[in-house]
Amino acid sequence: MLSDVRAIAFDLDNTLWDVEPVLERAEQRLAGWLQQHCPRMRLSRAEMRAAREQLALREPHRAHDVSYLRVAALAAHAREHGYEERLAAQAFEVFLAARNEVEIFADVAPSLARLRRRYALASLSNGNADLERIGLAHAFTVTLNARTIGAAKPERRCFERLAHELLLPLPSIAYVGDDPRLDVEAARAAGMRTVWMNRRGLAWPVELAPADLTVGDCAQLAAAFQV
Ligand SMILES: [Mg+2]
């Protein structure tokens, strides 16, 4: 089945780096900036998350765009506290810079280099990681995220767009991700081959059909694809 694969596409967060410590640090840095520049804007992580979730419910057509949700929620909060909205954009830049200070897993760069010799590589993320800033942009021939597509995984549209950009039929693309539903189940439903990146040694959810391949890191992935 995997012998028909011509391209390998990757989820980013928790597939190529751990995202939780990055988001935590980015939100701390944002909070520090707010405290310095607009001290009346005090929001806990939970309150910020709740504000974004409410906004996503009010504006479902933009719910896929995590950057928009963050800026708009900050802007609303700024208004409520008598600050100019442009501060929200500045605050978001502080967050975004920290959000792209990721620690790529050690197995990623050498494995992508090996895989690139035989496969087109692509990325598809629901998040707002910036591969240029991170220094991985060169590894991928196609880079997509929910904001550029206008939809988020698990929507089929995301995977169809990926195939369109790669100029390949869906079954000749393997999608690699850590999330059983958003990555594996959704990519399979769209017609792709699937790889579960199980870095944490978790149990596969019994209610879902397993991925075509399960690996613990990118070195195992490269080995499985015989490069
Ligand atoms: Mg992920």
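Remember, it's a predicted structure, so these values are computed and weren't measured experimentally. Indexing begins at 1, ligand by ligand and atom by atom, following the structure's order.
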request  = Answer yes or no for Arg62 and Tyr68: cation-pi contact, defined as NZ/CZ to six-membered ring centre under 6.0 Å and angle to ring axis within 45°.
outcome  =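 Checked: cation-pi criterion met.
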Decide, yes or no, whether a salt bridge links [X] with [Y] under the criterion of side-chain N to carboxylate O below 4.0 Å.
X	Y	result
Glu101	Arg29	yes
Asp18	Arg200	yes
Asp107	Arg199	yes
Arg156	Glu160	yes

ask   = Do any protein N, O or S atoms sit under 2.8 Å from the Mg ion (ligand 1), and which ones are they?
value =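 As for protein N, O or S atoms lying under 2.8 Å from the Mg ion (ligand 1), they are Asp11 OD2, Asp13 O, Asp178 OD1.
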message = Does Arg42, at its CZ atom, have more than 12 non-hydrogen atoms belonging to other residues, nucleotides or ligands within less than 6.0 Å?
response =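 At most 12 heavy atoms, drawn from other residues, nucleotides or ligands, come within 6.0 Å of this atom.
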